[in-house]
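Start at 1 and go down the list; that is how both ligands and their atoms are numbered.
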Amino acid sequence: MSYRLFQIDAGFQNYEWGNIGSKSVVAQFAHNSNPSKIEIDPSLPYAELWMGTHQSKASVEHKTGTSLQELVEKSPEEFLGAQVINKFRSTREIPFLLKVLSIGKVLSIQAHPDKELAQKLHFRDPKNYPDDNHKPEMALAVTEFEGFCGFKPLEELDSLLQKIPEFREIIGEELVHMFHENIFTGKVEMNSQEDHKNRKLLQQVFSKVMNLPDSRVYTSTKLLVKRTYDEPELFGHDLCKLIQKMQSDFPYDIGLFCGCLMLNHCILQPGEAMFLQARDIHAYIRGDIVECMAASDNVVRAGFTPKFKDVDVLVDMLTYSYEDVEMQKMRPEIFTRSHGDGYDNLYDPPIEEFAVLQTILNKKDGRREVEGLRGPSILIVTKGEGTIQIQDENDSKLNCRPGFIFFIQPEVKIQLRSSSDDFVTYRAFCEV
Ligand SMILES: NNC(=O)[C@@H](O)[C@H](O)[C@H](O)COP(=O)(O)O
Ligand SMILES: [Zn+2]
């Protein structure tokens, strides 16, 4: 059998924040890809579909069940290509991990370490930090997506500190006053003196929130939620609703302060994306996304989670970026190495491990050809029906349905054909 283009089956995670049963696209995709093996449990949350060679949930070849990692290791040059092997110094790992997330309730307020910190954490605590690699990541909205990304612009944060008694109370009058008197607002040059001072002040406020004694978290959050009903005008409609929604997801959690009052609330429409570099604080609230990251599962958490929280590490590691949410969104670019019907959107963040190509064929019997890429790639079909084949090789034609996943070796030209009106694929790839 040729391994230049073949179907794979992905593993999935049943984290408690996933959508439940067949409400979850992760469940639908996993079942569609391997209906004889994967039955959807209507009572279970299906949070993440993992596509790649990460050892926690390695993907397998559809026909034989052989792990993708084993196939890569047997013929690294064919599967990865010489440049990718030289660059990432591995003959068994694909440098990226591609996921689909189906988010039913807020997941943890978190950040991911950069390489240096990942090595330290992995060495010190391999159970909670299974990788020594960084985990920059990009979220692409498949449905409308809601999340937190980065800290609010400081003048917004300052105004909440002035207005919300429970927020003032947990920060303390002295720090509230110092923050108000010393932040530089308006246009502040990145990495300037003023910018560094702003980030230091932000870290002091965030640290105060994150180190609030457990005994006070319950009373402070209870009073905060009550105030959103008694004095909604203090918060504004959207923030009121957000606090009340988060309270229903994670009652009396410190995330109501460190998330709702301190982080940018971001809505992505389908086709929009956001890139989170290592050490950027974020949390996802709801929606279905395609997510791509450097191959790592290192998560440092501090709120909205029953999992291990590493507050001191999180307070110490963050970038404390406080840009407007619009600045954090990524716009798709034109992809020049494909032609035919429909169109592509290229999402190419400023890191070497991955980019993601979305291809849309918006009519029946549409055809689109994509040149061979200079590295490994994994493609998932998220909508519609069609086929994928190696260009000019009819015997390599494989059926496509939502949830079908394919590995494509470097330098392999493919053709996508639609047999439905709307045929959408996402393809993560690594080129160096
Ligand atoms: N931002 N998204 C991610 O980093 C995903 O790839 C992670 O796997 C999830 O965030 C993990 O979240 P929990 O630890 O279950 O709260
Ligand atoms: Zn994350």
If only side-chain N and O atoms count, and only distance matters, is there a donor-acceptor pair under 3.5 Å linking D195 with Y320?
no
Could you tell me whether the side chains of N133 and S296 share a donor-acceptor contact shorter than 3.5 Å?
no
Does any N or O of ligand 1 fall below 3.5 Å from an N or O anywhere on E137, backbone included?
yes
Round to 10° and report the angle made at the Zn ion (ligand 2) by NE2 of H112 and NE2 of H282.
100°
Please state which protein non-hydrogen atom is closest to atom 16 (O) of ligand 1 and give its distance, to 0.1 Å?
S108 OG, 2.7 Å
Check contact between F304 and ligand 1, using heavy atoms of the residue and a distance below 4.0 angstrom.
no
Give a yes or no on this: more than 12 heavy atoms of other residues, nucleotides or ligands lie within 6.0 Å of atom CG of D214.
no
Atom 12 (O) of ligand 1: closest protein heavy atom, distance to 0.1 Å, is Q110 NE2, 3.5 Å
Checking K307 against Y15: charged group under 6.0 Å from the ring centre and within 45 degrees of the axis?
yes
Closer than 4.0 angstrom, basic N to acidic O: yes or no for E326 and R331?
yes
So which protein heavy atom does atom 2 (N) of ligand 1 come closest to, and at what separation?
E291 OE2, 2.9 Å
Tell me, which N, O or S atom in E137 is closest to the Zn ion (ligand 2)?
OE2
Regarding Y284, does it place an N, O or S atom less than 2.8 Å from the Zn ion (ligand 2)?
no
Whether E16 lies under 4.0 Å from ligand 1, heavy atom
no
Hey, do the aromatic rings of F12 and F29 have their centres closer than 6.0 Å?
no
Candidate with minimal heavy-atom separation from atom 15 (O) of ligand 1, of K307, K99, Q13:
K307
How does R301 reach ligand 1, if at all, at less than 4.0 Å between non-hydrogen atoms: by side chain, backbone, both, or neither?
side chain
Measuring from non-hydrogen atoms of K135 to any atom of ligand 1, is the shortest distance under 4.0 Å?
yes
Identify whether the distance between the nearest side-chain nitrogen and carboxylate oxygen of R4 and E78 falls below 4.0 Å.
no
Do E431 and Q83 touch side chain to side chain, with heavy atoms closer than 4.5 Å?
no
Numbering as shown, the atoms of ligand 1 that approach H282 to under 4.0 Å (heavy-atom distance):
1 (N)
Do NZ/NE/NH1/NH2 and the carboxylate oxygens of R368 and D344 come within less than 4.0 Å?
yes
Considering the heavy atoms of M293, write down every atom of ligand 1 situated less than 4.0 Å from one of them.
6 (O)
Based purely on interatomic distance, does E48 place a nitrogen or oxygen under 3.5 Å from a nitrogen or oxygen of ligand 1?
yes
Could you tell me which atoms of ligand 1, counted from 1 in the order shown, lie closer than 4.0 angstrom to a heavy atom of W17?
12 (O), 13 (P), 15 (O), 16 (O)
Whether the S192 and E194 side chains hold a donor-acceptor pair (N or O, under 3.5 Å, no angle test) is what I'd like checked.
yes
